[in-house]
Amino acid sequence: MPFVTDPIDITRLRNVSSHVIRDAARNAPTNSPDAYYGNSFSDLLETAVDNLSVTNGYLSDMEDEEIKWSLGETQNTHDLTIAIQKASTALKYTVTVRDKLLEAYKELMQMQI
């Protein structure tokens with residue numbers, strides 16, 4: 001089995017039988033720089049704010065699932081675990097992006113003109 005070092009880009013999937021997977025591949029964000037050419041800073045900022053809203057939604061869903069489980073309204077720990085993992089992943093991503101933005105800002109402020 002070959003060792004794969006590059007992450008899989010699902011936007012390049014073809015001939016997938018499930019319409020859900022095809023729609024996800026078509027609508028997935030891409031990491032390629034070509035996707036960002038022609039976008040203005042305001043578009044980039046708007047996308048960042050939208051990502052914050054999504055992260056807040058995942059955190060809210062996690063809290064709702066925790067409350068339902070703790071009150072005994074549901075016995076399904078699967079949904080709780082999924083909600084916790086989604087919120088955790090989204091929060092880690094958001095914190096990483098924030099740290100990178102702050103690092104870039106500090107580097108820009110240290111440049112001499």
What distance separates [X] [atom1] from [Y] [atom2], expressed to the nearest 0.5 Å?
| X | Y | atom1 | atom2 | result |
| --- | --- | --- | --- | --- |
| L102 | E107 | CG | CD | 13.0 Å |
| E65 | I67 | CD | CD1 | 10.0 Å |
| T96 | L91 | OG1 | CG | 9.0 Å |
| D50 | T55 | CG | OG1 | 10.5 Å |
| D99 | T94 | CG | OG1 | 11.0 Å |

TODO: Return yes if some donor-acceptor pair links the side-chain N/O of T89 with the main-chain N/O of Q85 below 3.5 Å, else return no.
DONE: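 Yes, T89 side chain to Q85 backbone: donor-acceptor pair under 3.5 Å.
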
TODO: Give a yes or no on whether the backbone of T77 and the side-chain of T81 come within a donor-acceptor separation of less than 3.5 Å.
DONE: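 A pair under 3.5 Å: yes.
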
Task: Connected via hydrophobic side-chain network under 4.5 Å: V95 and V54 - done: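 In one cluster with V95: V54, no.
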
TODO: Quick one: do N51 and T47 satisfy side-chain contact (heavy atoms from CB on, under 4.5 Å)? Show the steps, please.
DONE: CA-CA 6 Å; N51 286 339; T47 302; 4.1 Å; yes

- [ ] Identify the two heavy atoms, one from T74 and one from N76, that lie closest to each other, and give their separation to 0.1 Å.
- [x]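 Distance-wise, the nearest heavy atoms are OG1-N, 3.2 Å.
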
Task: Closest non-hydrogen atom pair, A87 against Y58 - done: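 Nearest heavy atoms, A87 then Y58: CB-O, 3.7 Å.
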
Open item on the list: Is the shortest side-chain heavy-atom distance between L80 and K68 below 4.5 Å?
Closed with: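 They are not in side-chain contact.
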
Task: Derivation of the side-chain contact (heavy atoms from CB on, under 4.5 Å) call for K86 and D61 - done: CA-CA 9 Å; K86 280 184 179 180; D61 291 345; over 6 Å; no

